[in-house]
Amino acid sequence: TGIVHVVGARPNFVKAAPVVSALRGRGAHQSVVHTGQHYDDRMSAVFFRDLNLPTPDVDLGVGSGSHATQTAALMVGLEKEFTARRPGMVVVYGDVNSTVAAALVAAKLGIPVAHVEAGLRSFDNTMPEEINRRVTDQLSDLCFATSPEAVGHLAAEGVASDRVHLVGNPMIDTLLGNLDRFDAEALRTRLGLPERYVAATLHRPANVDDPDNVARLTARLHEIAELADVVMPVHPRGKAAFDRAGLGDHPRVRLLEPLGYLDFVALTRGAAAVVTDSGGVQEETTILGIPCLTLRPNTERPVTITHGTNQLVTEADLIQAVTKVLHGQTPERIGDDVPPLWDGRSGERIASVLTQWSR
Ligand code: UD1
Ligand code: UDP
């Protein structure tokens with residue numbers, strides 16, 4: 001009985017925090033299952049500390065592997081867990097392998113599934129996340145969407161409208177709820193960072209898995225460093241390849257370990273611009289008003305372009321785009337300032353639907 005939240009990777013923790021907190025406020029019976037997909041302190045435990053998330057009731061310790069190996073291990077672990085706990089509802093977040101594995105296992109055990117951040121589509125099946133999102137949404141009894149586009153995608157795929165709730169963005173709840181804890185100045189002093197810098201974060205397989213591509217991106221990041229210092233917390237996925245390519249050899253490139261949530265958003269807040277391929281960072285920069293250059297051919301988060309500070313760039317036009325942004329030329333925003341319902345109350349909306357549903 002009760003609600004079981006399944007989380008496993010860095011962005012999951014940021015999205016789950018406001019939902020868990022809102023349900024706690026309503027006295028709901030809930031538990032948190034950590035799959036262990038991410039396990040380094042800086043990829044996992046630091047988020048529980050920063051976000052005041054309850055220590056997971058269990059950590060399945062699944063760890064890394066190929067997609068099949070990891071997803072299979074996730075499913076075996078989660079099946080045992082769900083069979084023992086018999087949850088009334090399983091809540092999954094985002095688009096990582098832990099998300100789809102939990103949805104599959106719950107659906108086959110006849111346990112209702114709720115998907116937080118449903119309906120995002122890049123229409124690019126070379127991204128593992130796109131496959132995870134599509135499958136998860138088809139299996140979910142409740143789809144919580146962050147944007148009107150997402151609602152449209154679900155409708156187009158035949159998801160019944162009574163399963164879909166437009167609730168805004170819980171990742172933005174976490175951002176707004178912690179605004180006074182992101183101290184860019186203090187971080188700069190503590191880490192000895194320069195006054196003006198471009199923050200970078202890259203971890204998508206399409207960017208970091210191929211060593212030749214990493215060498216090309218390293219050359220571009222070195223060119224950016226001629227314009228402004230570059231500060232990059234390096235995701236473990238690309239670390240070896242960027243080290244081999246000599247990214248840190250440039251005197252104006254500063255490589256860091258992955259940062260905790262409060263430090264990373266402080267870094268973003270203090271940046272002249274952000275270069276990224278992260279999903280969440282496109283959304284956070286939208287609200288913080290920091291120019292975001294997304295090194296990808298597409299985005300499943302188009303509201304960050306229409307309502308935010310985001311632009312898609314290729315490796316070939318990256319330098320020109322950074323130059324423009326550093327000269328204060330940012331693209332005009334179309335429409336409202338921020339996407340609808342990105343107001344810090346999504347966790348409450350989700351909790352309200354979940355408690356009514358499980359009654
Ligand atoms: C995963 C998600 C991706 C998400 C990202 C967030 C999938 C398919 N991908 O990608 O959507 O954007 O998390 O950060 O679920 N590793 C460590 N320490 C850790 C975790 C991973 O060193 O704590 C290394 C391992 O070498 C591992 C590699 O990172 O093989 C990739 O980890 P994995 O969880 O498979 O995928 P991510 O690239 O992190
Ligand atoms: N983040 C962080 N430390 C870092 C990089 C990112 O705390 O070094 C945060 C970021 O602010 C956002 C989330 O992690 O809240 C995004 O996760 P990530 O980029 O790993 O995954 P994606 O959103 O692309 O799935």
Side-chain angles (χ1 to χ4, degrees), residues 7-18 34-51 59 61-71 73-74 92-102 117 120 122 126-133 135-136 146 169-175 178 182 187 199-209 231-241 255-269 271 274 276-288 290 292 294-296 299-301 304:
V7 293
R10 178 164 79 178
N12 291 165
F13 312 136
V14 182
K15 292 162 195 172
H34 190 326
T35 64
Q37 178 175 344
H38 285 175
Y39 43 85
D40 290 342
D41 184 85
R42 284 167 169 273
M43 297 298 289
S44 174
V46 66
F47 291 86
F48 288 78
R49 296 193 293 270
D50 279 359
L51 301 175
D59 187 332
V62 165
S64 311
S66 72
H67 282 279
T69 308
Q70 186 181 57
T71 308
L74 285 161
V92 299
Y93 296 85
D95 54 19
V96 304
N97 284 349
S98 297
T99 312
V100 69
E117 203 185 79
L120 297 185
S122 64
T126 67
M127 291 182 77
E129 294 82 4
E130 182 74 357
I131 297 166
N132 294 345
R133 291 188 279 258
V135 173
T136 303
T146 55
N169 192 335
M171 193 170 231
I172 299 307
D173 286 22
T174 303
L175 183 79
N178 289 289
F182 308 128
L187 182 80
T201 150
L202 297 168
H203 72 276
R204 297 253 95 85
N207 280 328
V208 306
D209 280 6
V231 182
M232 177 156 155
V234 185
H235 189 287
R237 184 170 201 107
K239 188 174 185 329
L255 299 184
L256 303 172
E257 296 279 299
L259 291 177
Y261 178 73
L262 296 176
D263 282 350
F264 183 77
V265 184
L267 181 79
T268 303
R269 208 178 195 181
V274 172
T276 192
D277 57 14
S278 159
V281 173
Q282 295 171 58
E283 302 182 331
E284 290 162 347
T285 49
T286 279
I287 298 303
L288 294 170
I290 304 295
C292 180
T294 298
L295 200 53
R296 284 179 45 187
T299 179
E300 60 290 326
R301 293 163 161 91
T304 61

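Atoms within each ligand, like the ligands themselves, are counted from 1 in listed order. Side-chain atoms are counted along with the backbone in the values below, which use heavy atoms only and exclude waters and symmetry mates. In this text the structure is predicted, and so the values were computed from the model without any measurement.
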Answer yes or no: does an N/O atom from S278 fall short of 3.5 Å to an N/O atom of ligand 2?
-> yes
Considering only heavy atoms, does E129 approach ligand 2 within less than 4.0 Å through its side chain, its backbone, both, or neither?
-> neither
May I ask you to check if ligand 2 and G279 share an N or O to N or O distance below 3.5 Å?
-> yes
Closest non-hydrogen atom pair, G8 against T35 | CA-OG1, 3.2 Å
May I ask you to check whether R204 has an N/O atom sitting below 3.5 Å from an N/O atom of ligand 2?
-> yes
Quick one: look up the protein heavy atom nearest atom 5 (C) of ligand 1 and list residue, atom name and how far away it is.
-> H203 NE2, 3.7 Å
Roughly how far apart are Y261 OH and F13 CZ, rounded to 0.5 Å?
-> 14.0 Å
At what distance, to the nearest 0.5 angstrom, does CZ of R269 lie from CD1 of I290?
-> 8.5 Å
Please state which protein non-hydrogen atom is closest to atom 36 (O) of ligand 1 and give its distance, to 0.1 Å?
-> R237 NH1, 3.5 Å
Just distances here: any N/O of N132 and N/O of ligand 1 closer than 3.5 Å?
-> no
T136 and N132 have their tightest heavy-atom pair at OG1-O, 2.6 Å
Between F264 and ligand 2, find which residue part has any heavy-atom pair under 4.0 Å and reply side chain, backbone, both or neither.
-> side chain
State, with a plain yes or no, whether a side-chain heavy atom of V265 is found less than 4.5 Å away from one of L175.
-> yes
Give the residue and atom name of whichever protein heavy atom lies nearest to atom 25 (O) of ligand 2, and the separation in Å to one decimal.
-> P11 CG, 3.5 Å
Heavy atoms of N12 and S98 approach each other most closely as OD1-CB, 4.5 Å
Can you tell if the side chain of H235 reaches within under 4.5 Å of the side chain of L202, non-hydrogen atoms only?
-> no
Any idea which heavy atoms bring R296 and E300 closest together, and the distance?
-> NH2-OE1, 2.7 Å
Got the closest protein heavy atom to atom 35 (O) of ligand 1, with its distance?
-> Q70 NE2, 3.6 Å
Got a second to check how far R10's CZ is from D40's CG, nearest 0.5 Å?
-> 10.5 Å
Judging by distance only, is a nitrogen or oxygen of P258 under 3.5 angstrom from one on ligand 2?
-> no
Counting from 1 in the order shown, the ligand 2 atoms closer than 4.0 Å to a non-hydrogen atom of V14 are 15 (O)
When you look for heavy atoms under 4.0 Å from ligand 2, do you find them on the side chain of P233, its backbone, both, or neither?
-> side chain
Pick, from L259, D277, T285, V46, the option with the minimum heavy-atom distance to atom 8 (O) of ligand 2.
-> L259
Close side-chain approach of N178 and L51, heavy atoms under 4.5 Å | yes
For ligand 2, which atoms sit closer than 4.0 Å to a heavy atom of Y261?
-> 7 (O), 15 (O)
Return the residue, atom name and 0.1 Å-rounded distance of the protein heavy atom closest to atom 24 (C) of ligand 1.
-> P236 CB, 3.8 Å
Sub-4.0 Å atoms of ligand 2 with respect to non-hydrogen atoms of G260 = 7 (O)
Approximate separation, where rounding is to 0.5 Å, of D277 CG and L295 CG = 7.0 Å
Does R204 have a heavy atom less than 4.0 Å from any atom of ligand 1?
-> yes
Atom 14 (O) of ligand 1 has as its nearest protein heavy atom H235 NE2, 3.0 Å
Run the numbers for me: atoms of ligand 2, each under 4.0 Å from some heavy atom of F47, listed by number.
-> 2 (C), 7 (O)
Can you sort out which atoms of ligand 2 are near H203, meaning under 4.0 Å from one of its heavy atoms?
-> 18 (P), 19 (O), 20 (O), 21 (O), 24 (O)
Please determine if T201 has a nitrogen or oxygen closer than 3.5 Å to a nitrogen or oxygen of ligand 2.
-> no
Strictly under 4.0 Å, does any heavy atom of H67 approach an atom of ligand 1?
-> yes
Per-residue contact class, P11 against ligand 1 - non-hydrogen pairs under 4.0 Å | side chain
Looking only at N/O atoms, are D95 and ligand 2 under 3.5 Å apart anywhere?
-> no
Closest to atom 8 (C) of ligand 1 among protein heavy atoms sits N97 OD1, 3.3 Å
Ligand 2 atoms nearer than 4.0 angstrom to some heavy atom of M171 are 12 (C), 13 (C), 15 (O)
Give the residue, atom name and distance (to 0.1 Å) of the protein heavy atom nearest atom 17 (C) of ligand 1.
-> Y39 OH, 3.3 Å
Closest to atom 5 (C) of ligand 2 (heavy atoms only, candidates R10, R301, H235, E284) is R10
Identify the two heavy atoms, one from M127 and one from S122, that lie closest to each other, and give their separation to 0.1 Å.
-> SD-OG, 3.4 Å
The reported gap from OG1 in T99 to CZ in R133 (rounded to nearest 0.5 angstrom) is 10.5 Å
Mind listing the closest non-hydrogen atom pair of V46 and R42 along with its distance?
-> CG1-O, 3.6 Å
Ranked by distance from atom 23 (O) of ligand 2, the top protein heavy atom is G280 N, 2.8 Å
Step through it carefully: locate the ring centre of H38, locate the ring centre of F47, and say whether they are under 6.0 Å apart.
-> no
Any side-chain heavy-atom pair of V14 and P170 under 4.5 Å | no
Drop me the distance from D41's CG to E257's CD, to the nearest 0.5 angstrom.
-> 10.5 Å
Selection from E129, K239, Q37, M43 by shortest heavy-atom distance to atom 3 (C) of ligand 1 | E129
Salt bridge D209-R237, side-chain N to carboxylate O under 4.0 Å | yes
Which residue and heavy atom of the protein sit nearest atom 10 (O) of ligand 1, plus the separation = H38 NE2, 4.4 Å
